[in-house]
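Here is the structure we will look at, set down as structure tokens.
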Amino acid sequence: MADEGLPVVARFEVRQRSYLAPDGTVLRPLPDFASDIPKLLALYRGMVLTRAFDLKAVSLQRTGRLGTYAVSLGQEAVAVGIASAMRQEDVLLPSYRDNGTLLWRGTKMEEILLFWGGDERGNLSSGPAHDFPYCIPVGSQAPQAAGVAYAFKLRKEPRVAVCLFGDGATSKGDVWEAMNFAGVHKLPVVFVANNNQWAISVPLQLQTASQTLAQKAIAAGFTGEQVDGNDVIAVRAAAEEAIAQARAGGGPRLIEALTYRLSDHTTADDAARYRPPEEVQTRWKEEPIARLRAYLVSQKAWGKAQEEELAAECQKEIEAAIERYLASSPRAPETMFDHLYAELPRTYASQRAQLSGGSDA
Amino acid sequence: MADEGLPVVARFEVRQRSYLAPDGTVLRPLPDFASDIPKLLALYRGMVLTRAFDLKAVSLQRTGRLGTYAVSLGQEAVAVGIASAMRQEDVLLPSYRDNGTLLWRGTKMEEILLFWGGDERGNLSSGPAHDFPYCIPVGSQAPQAAGVAYAFKLRKEPRVAVCLFGDGATSKGDVWEAMNFAGVHKLPVVFVANNNQWAISVPLQLQTASQTLAQKAIAAGFTGEQVDGNDVIAVRAAAEEAIAQARAGGGPRLIEALTYRLSDHTTADDAARYRPPEEVQTRWKEEPIARLRAYLVSQKAWGKAQEEELAAECQKEIEAAIERYLASSPRAPETMFDHLYAELPRTYASQRAQLSGGSDA
Amino acid sequence: MPELTLIEAINLALARAMQEDANVVVLGEDVGINGGVFRATVGLQQRFGAERVIDTPLAELLISGLCVGMAAQGLKPVGEIQFMGFIYPCIDQLVNHASRLRNRTQGRLSCPMVLRTPHGGGIRAPEHHSESTEAMLAHIPGLRVVMPSSPERAYGLLLASIRDPDPVVFLEPTRIYRAAKGQVEDNGEALPLDIAFVLRQGHDVTLISWGAVVKETLAAAAELAGQGIEAEVIDLATLKPYDEETVLASVTKTGRCVIVHEAARTGGFGAEIAALIAERGLTSLLAPVARVTGYDTIMPLPRLEQRYIPSVPRIVAATRKACEFA
Amino acid sequence: MPELTLIEAINLALARAMQEDANVVVLGEDVGINGGVFRATVGLQQRFGAERVIDTPLAELLISGLCVGMAAQGLKPVGEIQFMGFIYPCIDQLVNHASRLRNRTQGRLSCPMVLRTPHGGGIRAPEHHSESTEAMLAHIPGLRVVMPSSPERAYGLLLASIRDPDPVVFLEPTRIYRAAKGQVEDNGEALPLDIAFVLRQGHDVTLISWGAVVKETLAAAAELAGQGIEAEVIDLATLKPYDEETVLASVTKTGRCVIVHEAARTGGFGAEIAALIAERGLTSLLAPVARVTGYDTIMPLPRLEQRYIPSVPRIVAATRKACEFA
Ligand SMILES: Cc1ncc(C[n+]2csc(CCOP(=O)(O)OP(=O)(O)O)c2C)c(N)n1
Ligand SMILES: Cc1ncc(C[n+]2csc(CCOP(=O)(O)OP(=O)(O)O)c2C)c(N)n1
Ligand SMILES: [Mg+2]
Ligand SMILES: [Mg+2]
């Protein structure tokens, strides 16, 4: 620490938001929307559907019918909490793990599968046409989010860009540069650091020495807040507040959602190589679905019958989507040129022809 | 601000260091070294020499005998304060404007001129052989500084990397990534943000919304401190403390030195295009040389005679260096291949021959 | 018609584009009140406001990433990178995003952005200010890479680049920013991005070049004419995708070809032209395809930079050799 | 001699280099206990400790910048970039610093670093995981760019790269990481970085390739042999600086040349080879120089990636055409 006798010229703090304890008991007065039980049931359904879909996707991968897939097991509250606080006209800039967010915003399951099945057409997405596709180069969507938000501000549109990334991504300069610019122009953008404690095999303490990820916003001159990312009510409340602030011209915010990656990094990973199973066991006790369920049950808003019904409904929806996915038409090879430019430069016509004529085989 | 009712999980503060007021009066007890008047006189001489050298370099440029040159007018206290706190075995990673720092560490004036005169041999530098050359791509030396510091730590050498950059550079992801890594490994590196308020024509408030640059260290999990960059005693004290901490294994620190670029950005710039002259006038009142002189005079350690003597001595030193610079041998064109690789790949031998044979002319 | 320098023509095209289309925004370091370090954007902020002419923080990755986000939202951002030596932090956004946003989303999103930057050496600038690494960009599918070599072409090609629905990297030859004036009418007419410009007709040999060194290439052609050699001079202008037909047609006619560029030789874009000819023009070739280029070493600081840049004598010598080959 | 896969050979070379020289450190994302996502660094952290095998934060620019700083201080850092699609943030450090630190300081400082990264497609990986942009790097003076195509060459070339006093980008062909085993003796012997490897002798045509697609090239040569065409197959292995002599000697002998690479065609490194031949081997040429390459479009996702990568039939067809040309 710098000499304690010197005058302090600036002070900062990071606050943390949570409403439900891991066992579903209430820690402090809930936000208003939580009194609307159907709303909570919708959040619950969103999380259950996401988890069920993810698990099915993994089994598709295991049986060779899908490529590498990144599940969000244990992180469903972040996905659903954020997505449910957004409007359709807002723009989502998601990471590869944000399946639940995409589903909530209208992307069809078969589209998600098509993308991870190795077909660009999956990104055609039935979600809002202006949403960005999954971002794979970690953190690189953050400056784009600032660009999107700048467009909103310039056109005086009451819209917000929402940018999701992981704890690992906070180490990338991209995120820093983006947050810094968003601060300067008080842009309508919300950054969400999905802190699942791991970046593949790299634990948080090797990623950064900062006590919280939320405090990284201090460097950019705006507020960062921690939220219990396994408490969907807290995530939604934090997102609603941040998005409302952004929409009203109050500038950006960073939300650090504290959660845990209960699964392997992707289907190509084996977390047992680097992570003690006990850690995972402990974290299972905090997972978001059981938590909200316990609360709903305590409110007499949920029971075994509904649970079974929901599970069956999700299974049915997923099975149907998988069928459509598996029945998807093959992609003609020459189409790899079709969206290269708005119009194919004549120079490349012969290459396209070579592919369509099969003379490339 | 996030909901005020939520619990605070982390608190941070930024302190500011200054000892001499702009008029040279003492604001708080001086650090120990300041009682050593010869030490202060050396700092004074370093600043005066830097300024005199810079001004001569500008006139060389104006008369076509030097390329673009970046002067440090008004920022001499940062250069000298930092350099004087370093040991020879420490490694400096300077910016293009750190002429005073290089001079202090032993680079000859004719070497600096040779470099800005367009000759790589200027970087051969008589300063410590391990020091880095001026860094021109802004901020890009920061991750290198972390690498240097990592080498020290790995080899258990009690050495420190000192990385200097401007306020503009703090917007670059490079600096962020470097500070973040330095925090994780508690590396022996000191980052110095030379906040001269401008990045060419871009004023600080368009560069960042953060209240201080020092607070950017909070994002990396270590201490950032503000220092009056026009008070060479404060700069040196802050640097000594930070360097000592780093050397002792206490990890990195960020020093924000508050100063002002009294000159144009470089000889290629005309600051009158974008900066009100009144602002510059005001800032002249805070400049570091007059300030230390006032203090020295108040201590009866300095007077008109010494001032004149010093000026003459500096002029002489500078003139001699300029003569050596102007007499520097031309560089043979084929030498542009001589340090490309440790050994010239045979593929390029003919290109080198072409240049030396003059068949390129 | 007014006589303008190349940099003035760029400024004119920017003003025109901003006037025509409210979606056009300009962003970069010092582009506002300072008008850019070369004055390309001078007057624009006064005229179109600080919201459309944005002084960004010092962060090139950011500038390129902002452009991608803005473009996906329907703006037409024109980013400025102060010197090509500082464009490398943009490569990730250019390769992984800008150039493939349309393809990744199968046309759902697109990326109509322009990234402008001064290109090349010869102005006695400091280290890192004299880069010619266009070949790195011209290899990237989905990108356009454009480099004008006269005020007229600067105006017309920049307008075309801004109007183009896909991302364009626009490289401006620093060395000729103010070298010569040209007639530029502010008529809003764009030049096509898919043709090379035949600047001089000739039947003995084809000289192909782009950017600042087109000047030396033309000077060499004039000198050669005095020696009885009629060189056809082609300014490639758009490097990606480039006009293979014009190149091949000329070489078919002349049978000899010399490629001139300032960038380092190995893997420079001249290699691509030579490869095209070796592949599709071989039977017309009467002599080896020669490349007159920068050397395969670091562009030296000003004291030696003129020895690095292809000179008129070097071009003349290589062309004579090609013509004398039998 | 043990039979190893290419990835095992890399691991062996890394272990050997770390054992031999305490200055060698390995750094990158997940290189520690996880041993890298492809297991190139498996066991190294256990053996040499976390101080020498460093799990870095997720930041590629940082990794490359750390390497420069470490190397300037006399360490021999071997950085890993998880996939080539994530190497772009390193380009600034590679171009503006690593490749020119020696030259900038006239030999006072140097940069003996290696940056390793998996290269190419064909493993059904997600978006951005299948890049082949070696041409961008092979254009940079001061850099070495190396790409092995067998376990033996992976071992010997990686050792050479680590021992080399200058910066090397070491590209590892992901598709053949585990495709075939080879005899690799852990004898600490490096292979030279300035020669191309003639993998098969032939007098009818020269096939030049590098990386994973050497496999298809060899398969094509075998198939062609059955058709009476004897192809000489050259693995270029080191792309920068590359072995012009071996290329020219072979083409002088055969008079025909087909270049095979996975990267997009335009401005790919194949262009450089073709240009060399058009310049210095023209008089021997009996047929146009052909390039069999990836297409000038974005490398497609897995469903179509096999249609992008040069296939044996494509190579055979192009080679036959070259041989039939008269
Ligand atoms: C720029 C970049 N580098 C490396 C990778 C490879 N990679 C994919 S995910 C990942 C870890 C990401 O961790 P985090 O940001 O915490 O997100 P999480 O996977 O935990 O959701 C890495 C290293 C990548 N996709 N992009
Ligand atoms: C990466 C990069 N971008 C742009 C430039 C051009 N440039 C040189 S100095 C400068 C401003 C730097 O401002 P600051 O960091 O505050 O340092 P100062 O010049 O004030 O000392 C700019 C934009 C550069 N050298 N490097
Ligand atoms: Mg994570
Ligand atoms: Mg500044």
Side-chain angles (χ1 to χ4, degrees), chain A residues 67-70 96 114-123 133-140 166-174 199-203 206-208 265-266 268-271 273-275 330-340 345 347-348 351-352 354-355 359-361, chain D residues 28-39 42 45 50 54-63 65 82-83 85-89 92 123-130 264-266 292-314 317-318:
Chain A
T68 303
Y69 186 79
Y96 48 83
L114 202 56
F115 175 73
W116 294 109
D119 191 322
E120 286 80 356
R121 291 174 303 176
N123 277 336
Y134 289 107
C135 182
I136 289 190
V138 166
S140 58
D167 43 303
T170 63
S171 297
K172 283 221 76 174
D174 310 43
I200 308 187
S201 73
V202 180
L206 288 182
Q207 198 67 247
T208 186
H265 169 67
T266 64
D269 178 52
D270 173 12
R273 294 176 61 86
Y274 51 79
R275 197 168 69 166
R331 211 182 139 200
E334 68 272 20
T335 60
M336 65 172 88
F337 276 101
D338 287 358
H339 298 285
L340 182 61
T347 321
Y348 302 136
Q351 292 189 29
R352 188 179 188 282
Q354 194 185 348
L355 272 160
S359 63
D360 73 303
Chain D
E29 296 155 14
D30 306 290
V31 299
I33 182 168
N34 197 33
V37 291
F38 284 105
R39 310 288 174 255
V42 83
Q45 192 178 64
I54 310 155
D55 272 325
T56 65
L58 205 169
E60 284 75 13
L61 188 173
L62 171 74
I63 294 170
Q82 213 156 66
F83 286 90
F86 311 131
I87 207 174
Y88 306 116
D92 188 38
I123 57 160
R124 305 190 59 74
E127 226 182 345
H128 299 292
H129 285 67
S130 305
R265 178 189 189 77
T266 299
V292 181
T293 68
Y295 295 95
D296 278 320
T297 187
I298 314 299
M299 166 60 136
L301 292 188
R303 277 203 180 176
L304 287 183
E305 66 177 349
Q306 292 300 341
R307 299 301 291 270
Y308 184 90
I309 299 171
S311 61
V312 176
R314 274 173 70 195

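Below, read A as the first sequence line, B as the second, and so on, with proteins coming before strands; counting in each chain starts at 1. Below, all heavy atoms of this structure are taken into account, side chains as well, without hydrogens, waters or symmetry copies.
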Which pair of non-hydrogen atoms, one from [X] and one from [Y], has the smallest distance, and what is that distance?
| X | Y | result |
| --- | --- | --- |
| D/Pro57 | A/Gln207 | CA-OE1, 3.1 Å |
| A/Gly117 | D/Arg124 | O-NH2, 4.1 Å |
| A/Gly118 | D/Leu301 | O-CB, 3.2 Å |
| D/Arg307 | A/Pro333 | NH1-CG, 3.5 Å |

Best-contacting candidate, [options], against chain A by heavy atom pairs under 4.5 angstrom:
| options | value |
| --- | --- |
| D/Asp55, D/Ile33, D/Asp296 | D/Asp296 |
| D/Glu127, D/Met299, D/Glu305 | D/Glu127 |
| D/Pro126, D/Ala59, D/Pro310, D/Gly35 | D/Pro126 |

Under 4.5 Å, counting heavy-atom pairs only, tell me which of A/Leu206, A/Thr68, A/Asp119 racks up the most with chain D.
A/Asp119
Among A/Phe115, A/Tyr348, A/Phe337, A/Trp116, who wins on heavy-atom pairs under 4.5 Å with chain D?
A/Phe337
Indicate yes or no: at least one non-hydrogen side-chain atom of [X] is less than 4.5 angstrom from one of [Y].
| X | Y | answer |
| --- | --- | --- |
| A/Ile200 | D/Gln82 | yes |
| D/Arg303 | A/Pro330 | no |
| A/Thr335 | D/Leu304 | yes |

In Å and rounded to the nearest 0.5 Å, what is the CD to OG distance from D/Glu29 to A/Ser171?
9.0 Å
Give, for atom CG of A/Leu355 and atom OG1 of D/Thr297, the distance between the pair rounded to the nearest 0.5 Å.
9.0 Å
Contacting moiety of [X], where chain D heavy atoms sit under 4.5 Å:
| X | result |
| --- | --- |
| A/Tyr274 | both |
| A/Tyr96 | neither |
| A/Ala271 | neither |

Report which part of [X] has an atom under 4.5 Å of a heavy atom belonging to chain A: side chain, backbone, both, or neither.
| X | result |
| --- | --- |
| D/Val292 | neither |
| D/Val42 | side chain |
| D/Thr266 | side chain |
| D/Leu61 | neither |

Hey, which of A/Arg352, A/Glu334, A/Gln354 is the one that makes side-chain contact (heavy atoms from CB on, under 4.5 Å) with D/Tyr295?
A/Gln354
Name the residue from A/Val202, A/Val138, A/Thr208 that meets the side-chain contact (heavy atoms from CB on, under 4.5 Å) definition with D/Leu58.
A/Val138
For D/Asn34, does its backbone N or O pair with a side-chain atom of A/Arg273 as donor and acceptor, under 3.5 Å?
yes
